[in-house]
Amino acid sequence: MLWEDFSNALSSSKFRSLQVWAAWPQLNSPCLLEHVMLPVELGFLGIFLVQLLRKGVELIRKQKSKVSDQGTQMHPTVIKVGISYKASLICSTLLLALHISRLPMLIYGETECNSKPQALASEIIQVLSWSITLIAICKMAKWSFKFPWILRAWWLGSFFLCITSTVFHVHFSFINKGEFGIREYADFLDLLSSTCLLGISIRGRTGIVLIGTNDISDPLLGDKADKQSECRTESPYGKATLLQLITFSWLNPLFAVGYKKPLEQKDIPSVDIKDSAEFLSSSFDENLKRVKEKDLTTNPSVYKAIYLFARKKAAINALFAVINAAASYVGPYLISDFVDFLSDKETRGLKSGYLLSLGFLCAKMVETITQRQWIFGARQLGLRLRAALTSHIYKKGLLLSSRSRQSHSGGEIMNYMSVDVQRITDFAWYINIIWMLPIQISLAIYVLHTNLGLGSLAALAATLIVMGLNIPLTRIQKRYQSRIMEAKDDRMKATSEVLRNMKTLKLQAWDNQFLHKIEELRKIEYNWLWKSLRQQAFSAFIFWASPTFISVVTFWACDLMGIELTSGRVLSAFATFRMLQDPIFSLPDLLNVMAQGKVSVDRIASFLQEEEIQQDSIEYIPKEQTEFDIVIENGRFSWDPDSSSANLDGIELKVKRGMKVAICGSVGSGKSSLLSGILGEIHKQSGRVKISGTKAYVPQSPWILTGNIRDNIIFGNDYNNAKYEKTIEACALKKDFELFSCGDLTEIGERGINMSGGQKQRIQIARAVYQDSDIYLFDDPFSAVDAHTGTHLFKECLMGILKKKTILYVTHQVEFLPAADLILVMQNGRITQAGKFEELLKQNIGFEVLVGAHAEALESILTVENSSKPTLNSTPDGESNANVNLNAEPAHAQQDIEQQDNPSEITGKEGKLVQEEEREKGSISKEVYWSYLTTCRGGALVPIIILAQSSFQVLQIASNYWMAWVCPTSSEAQPTYDMNFILLVYMALSVGGSLCVLVRAILVAKAGLLTAQALFTNMLHCVIRAPMSFFDSTPTGRILNRVSTDQSVLDLEMATKIGWCAFSIIQILGIIAVMSQVAWQVFVIFIPVLAICIWYQRYYTPTARELARLAQIQIAPILHHFAESLAGAAPIRAFDQEGRFIYTNLVLVDEFSRPWFHNVSAMEWLSFRLNLLSNFLFAFSLVLLVSLPEGIISPSIAGLAVTYGINLNVMQAQVIWNLCNAENKMISVERILQYLNIKSEAPLLIEDSRPPKNWPETGTICFKNLQIRYAEHLPSVLKNISCTFSGGKKIGVVGRTGSGKSTLIQAIFRIVEPREGSIIIDNVDICNIGLHDLRLRLSIIPQDPALFEGTVRGNLDPLMQYSDDEVWQALEKCQLGHLVRAKEEKLDSSVVENGENWSVGQRQLFCLGRALLKRSSILVLDEATASVDSATDGMIQKIIRQEFENRTVVTIAHRIHTVIDSDMVLVLSDGRIAEYDSPSKLLEREDSFFSKLIKEYSRRSHGFNSMAT
């Protein structure tokens, strides 16, 4: 009876499908089902048999091989059978039984098909197929963790065959009998079992677990396998059942934890093994190799690799998406029937109404489940693409050649990893729309055709016109996106450069200039963003206007063709038009994302195809086959592979095992390039390079990793205490560790920012020593250390602990040359001289110039030394080096040290410079929302936007209400008004609503972008104005993450997300208002359902919020690690540590994936539950409408309520989802607002306290009780400094590495503010004037030379204050004039990022040029000539003496001759003044620190003197 009612309900409303069936005359003898199914079944059976035969052959081979392995003991294994396996066994058995039971029914009973043999053959094939299936399932239990592909394909095919069979049989039962028989009930059982097998086939896992019962463990597996298995068991998603996967209940334990307390990273489960970065990276590499082999190319297509990588998961997602699209059109299809039922309720009976309601509910349930699954699957696919591409970009970054590295800045490569990968991830979500679009449009036209006949063609034409209109808009959007990315790259490049060189900018008072540069770049980006958002606003107008346009065209076409427009047809059409909005709007979105995705894939593909370092440039020879560790034969090398000229040419070199080879030469002669040639870093144009043994490399610019000192030294090796102690002793680090609060566990800031230059150098030397390699390459290792430490390093390290090693060292210090077995003199990229020290002196062809410059410097020292104390140099040769105490101090200083706290007692966060990234906890405060909403014009636009959206909602409902009210309920009744008038009113209301949307969209875009711009500008100003302590303790990655990822959210997403929170609430209020007009009783269930929804939202939010925050925080370590790896790519490759760094990157990617994956899963968990609740609310509303007596409500208005109610589940879920999504995105605002509260350094200008224009006139610097510390939780670096530097004098500052020399200089420039005491320059307390007034009046040549990307002129004079002639004069004086004149562009010659196309020595000369241009009364030299040779150093000192005569010059130098002619010498030790007097007076005291320093330098050069004479 129930099905009879259902049949009556459908047939009485001219159920279209039955009409179609009846129209097929050939179905009088319906064997169509057998004709269709027989070939399919035979095909599957054939494949089954082939597979069975193949397996049989394999089994026979295995049995033969087992005969030879009988001695092998087999250990018993327990098999734990999973639910999936059991379910597949039960379902297959049931299906086999059902098909066997049908055989006698076919033989003895009647069939729909007139050909009994055909029907019988079909059933026999089914029995055979299911028998084979059952056998296959039983046999696979011992060996398979996944179902074979053939089984899964058969289950998928049988599901579709089963659906087809059931529909046919049900149809013919109604046509012929009018009731169900045994065959139909069996079909339903078939369908149930097939659906279960479909779910199992999609998942693919058997759930079988093998548990070993023996105690013997395989040593080959090791801990790695244990860790992998542990990782698998830790992932709740990986072991979830089918029901848990559908309902997302595998997340319940995480929600239970997150609701009780704020989640920490350790609380989040691991990702499944298939979602781990290691697995995905390996899989992507395999796909790239496959493409490479197939296409026979060295540059495989990234598109093809992505396709192969993603196709399986994408196919499963597509299946869910297609089913979802189909299910979503069942509602609009049934609305006309429902209105007809309400019009004739008495005749049709309540049961048919309830069955219609059940049909609505079932369709919504299928829609909900499939929608949640395809969206989750798309997010998961996005995660996998992100992990694979991120790891691949990282690997590529480690292999880039020098030329490629120079063409891609760090900021640009960061964008590939953050922005471009994100856009490709987004495309993984949108790709399903490609499959859904044709199905949605086809179904929409079909539904319209059943209701409006030929009028549907007009709807199709209108739809295609609207969609076609979007295509040119998308092309424009693609162009905008490319421009936005280019502008963003430029801004990120400039920002990253500014952050990296912040200390230089502050010292030179250029921070405002570079701030304006970033603001100009942002202005360009802003203009493109506005064009893009304005165009998107117009697209939104088309989206909301499209139903109006399509409906008006369709209804007018129906009127012209004479098709009656009843309220049922109109309402069904409205629901369909609203459904059509999705594909229409999806198309431009899809095309837009495709455009973005293509741009991003092209950019990444271009990067991945960049030139790499030559992998075959070095031949590795086994040690036993040669006595030479390094051999270069006729080597020709160039940094530019396409250049005809070479940087190194005619290189011939043979270095025997254990030799010490010194490399010297003038600045830019090719010394560092020679080491790069041995390392394989520079392109080899011709010749051969042979290496025998492992390498260790110490670059000229120290490369230090963020982390503690010990990790930097052991560098991934096992910690060996004896070896470690020996290493730090040889590298003179013991004393430094004693001074650090946490010893060698003291944390180093980014790029070693809280370490002195000498400490950084010695840490990286210790790293090389600890590696215990065969070959050591040192690039000017002694430039940053003082004379004492340099001697110690040379004797204890190079000639001590490494005495049996092969060493090549570049040096400008001639005193280290005599000890070398071989000296190479470089000039213009060639080895001009080679030999021992004595041999080279006799040749008189260049080497003597370097030696002569050093001899002059030494002579100046000896003159001062002898005049002060003639007997000072007569130290007995046998005196022990131990007597040269590097820490000689006055007694009072020693006592002060003893009174300090014991360093071992300092615990907690002491010594930890880089603190954990700040993370808010709990709900996002209302102040964050309020700040965001009121940033733009005090929030004045917000009420206008809400009014525009409310007006749209009212006008939209009014237009639909109008059509439902004036259209007749049946074709017999006449419309109240003329149809033209009806459509004109409808059009006027709809167009008015669409215009409201246009106003709203433009205002949201403008307000959002203005807010983003205001917050960006404020953040940028706060960051640039932050004190250096902020940059010391904040990794650049954290700041870049905010100005890149978080800013992108504000630019493009935030306003829309916040807007949709309000818009969706307004929409749902409209839906509820319409539904309550019809049946107020719906509130009885709506209120409790709403309460449950709110409870779910509150239960969900704490967990999701913390997951989103943790995901945001985990981005920065990936970017930071990548930036550090790019900076240290050469040392990483030299130490063969690529594997370890790649693994660290994979771990960091997994650390990000964990919170991100669980966050998107949590969103689906909530959406699924909210959808279920709204589905039942909708079903209740339908039952209520069916149950109410006829005549109480108008059928057309009730139909309107159903039309709106169909979207209730979507809208209700959307409200909560939008609120949660907006809160997640609001975290970006919260993170940016955190940086608006950074404590600023002192004002740049203080109008009430400006110094005189000629200040400083004399240049007298007075220190009074000065104390400095870098942070409150760190110990003082300078302690009680009190002394005066007289104006116009030359002051030399010396002391052991790390004694506080550079800190004293920073204090003069107020880079660090005094904790106590003051600095007074020419009677002006520098703490009372503006920073720019101070820094612009002083000049400095810093320890770390910094060049900016741009031109030579821009680097010397960024403020454009000087003429070209003055710039040329400065270049000539600093020995760079001839180099710049030799270049085609002259002053406009390019300087790449970091000045990589200039040597370190040349960079230091550029810094000298800046000082010469500025000509201040006070000049500070902080190791200004550390990276230049002695001859160049002598010339520089001469120029400084000439140019800065009668000016105060403060010089920090490790080369004694640069301070020996100073008027006064300040000796610092452990942050205190050890000595301060004239050099002559200090030398009169034998026990003085300075005296011992000179003595050591004299002794070190004693051997050199005897050889030189």
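Computed from a prediction, not measured in an experiment: that's the story for all the values here.
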Chemist: To check you understand the geometry: which heavy-atom pair defines the closest contact between D779 and S672, and what is its length?
Modeler: OD2-OG, 2.7 Å
Chemist: Any heavy-atom pair between the side chains of I691 and I630 that's under 4.5 Å?
Modeler: yes
Chemist: Determine the minimum heavy-atom distance between A730 and L793, stating which atoms define it.
Modeler: O-CD2, 3.9 Å
Chemist: Name all residues meeting the salt bridge (charged side-chain N to carboxylate O under 4.0 Å, His left out) criterion together with K803; count only those two or more places apart in sequence or in a different chain, and write none if there are none.
Modeler: none
Chemist: Report the distance from atom CG of D774 to atom OG of S692, rounding to the nearest 0.5 Å.
Modeler: 7.5 Å
Chemist: Could you tell me whether the side chain of T1034 and the main chain of F1031 form a donor-acceptor pair under 3.5 Å?
Modeler: no
Chemist: Report yes or no: does Q265 contribute a side-chain atom to a donor-acceptor pair with the main-chain N or O of E1151 at less than 3.5 Å?
Modeler: yes
Chemist: Testing the basics here: between I765 and P781, what is the closest heavy-atom pair and its distance to 0.1 Å?
Modeler: CD1-CB, 3.9 Å
Chemist: Are more than 12 heavy atoms from other residues, nucleotides or ligands located less than 6.0 Å from atom NZ of K723?
Modeler: yes
Chemist: Using modelled atom types only, decide if a donor and an acceptor are shared between the side chain of E796 and the backbone of E729 within a distance under 3.5 Å.
Modeler: no
Chemist: Taking the side chain as C-beta and beyond, is there a heavy-atom pair between Q1306 and I1268 under 4.5 Å?
Modeler: no
Chemist: CG/L398 to CD/E1138 distance, rounded to the nearest 0.5 angstrom?
Modeler: 7.0 Å
Chemist: Rounded to the nearest 0.5 Å, what separates atom OG1 in T1144 from atom CD in Q1137?
Modeler: 9.0 Å
Chemist: Establish, yes or no, whether a centroid distance under 6.0 Å links the rings of F1030 and Y1235.
Modeler: yes
Chemist: Partners of K805 by salt bridge (charged side-chain N to carboxylate O under 4.0 Å, His left out), sequence neighbours excluded?
Modeler: D772
Chemist: Is the closest side-chain heavy-atom distance between V769 and K726 below 4.5 Å?
Modeler: no
Chemist: How far apart are the closest heavy atoms of E681 and W639, and which atoms are they?
Modeler: O-CZ3, 3.7 Å
Chemist: I'd like to know whether C664 forms a side-chain contact (heavy atoms from CB on, under 4.5 Å) with V810, so could you lay out the CA-CA distance, the side-chain angles of the two residues, the decisive distance to 0.1 Å, and finally the verdict.
Modeler: CA-CA 6 Å; C664 61; V810 172; over 6 Å; no
Chemist: To the nearest 0.5 Å, tell me how far I1039 CD1 sits from S1044 OG.
Modeler: 13.0 Å
Chemist: Looking only at heavy atoms, which two atoms of D736 and R762 are closest? And how far apart?
Modeler: OD2-NH1, 2.8 Å
Chemist: With sequence neighbours left out, what residues match H1121 under ring pair (Phe, Tyr, Trp, His ring centres under 6.0 Å)?
Modeler: Y394, F1141
Chemist: Check the pair I1132 / W703 against side-chain contact (heavy atoms from CB on, under 4.5 Å), numbers first and verdict last.
Modeler: CA-CA 10 Å; I1132 290 169; W703 176 67; 3.6 Å; yes
Chemist: Is the backbone N or O of S276 less than 3.5 Å from a side-chain atom of D1150, with the two atoms forming a donor-acceptor pair by type?
Modeler: no
Chemist: Any side-chain donor paired with an acceptor under 3.5 Å for Q1234 and R1042?
Modeler: yes
Chemist: When rounded to the nearest 0.5 angstrom, what is the spacing between NZ in K660 and OG1 in T806?
Modeler: 7.0 Å
Chemist: side-chain contact (heavy atoms from CB on, under 4.5 Å) for I1305 and F1309? Distances and angles first, verdict last.
Modeler: CA-CA 7 Å; I1305 302 309; F1309 284 82; 4.2 Å; yes
Chemist: List in chain and number order the residues that pass salt bridge (charged side-chain N to carboxylate O under 4.0 Å, His left out) with D744, two or more places apart in sequence or in another chain; answer none if no residue qualifies.
Modeler: R710
Chemist: Step by step, work out the side-chain contact (heavy atoms from CB on, under 4.5 Å) result for N1145 and S391.
Modeler: CA-CA 7 Å; N1145 179 64; S391 60; 4.1 Å; yes
Chemist: Got a donor-acceptor contact below 3.5 angstrom from the E1124 side chain to the T706 backbone?
Modeler: yes
Chemist: Residues in ring pair (Phe, Tyr, Trp, His ring centres under 6.0 Å) with Y719, at least two apart?
Modeler: Y724
Chemist: For the backbone of I728 and the side chain of Y770, can you confirm whether one donor and one acceptor N or O come within less than 3.5 Å of each other?
Modeler: no
Chemist: Quick one, V1023 and V1043 - any side-chain contact, counting heavy atoms below 4.5 Å?
Modeler: no
Chemist: Are I763 and I713 close enough that some pair of their side-chain heavy atoms sits under 4.5 Å apart?
Modeler: yes
Chemist: Listing request: all salt bridge (Lys or Arg N to Asp or Glu O under 4.0 Å) pairs with a residue in residues 390-400, at least two apart in sequence or in separate chains.
Modeler: D285-K395, K396-E612
Chemist: Evaluate the side-chain proximity of M1028 to V1312: yes if any heavy-atom separation is below 4.5 Å, no if none is.
Modeler: no
Chemist: Test your reading of the model: is there a side-chain donor-acceptor pair from R1269 to the backbone of R1315, 3.5 Å cut-off?
Modeler: no
Chemist: Would you indicate whether the side-chain heavy atoms of I678 and Y697 approach each other to under 4.5 Å?
Modeler: no
Chemist: Hey, could you give me the CD/CG distance between Q761 and D780, rounded to the nearest 0.5 Å?
Modeler: 7.5 Å
Chemist: Looking at Y809, F778, F794, which hits ring-ring contact (aromatic ring centres under 6.0 Å, His included) with F816?
Modeler: F794
Chemist: Where do A1026 and I1238 come nearest, in terms of heavy atoms and distance?
Modeler: CB-CG2, 3.7 Å
Chemist: Any non-hydrogen side-chain atom of L733 less than 4.5 Å from a side-chain atom of I709?
Modeler: no
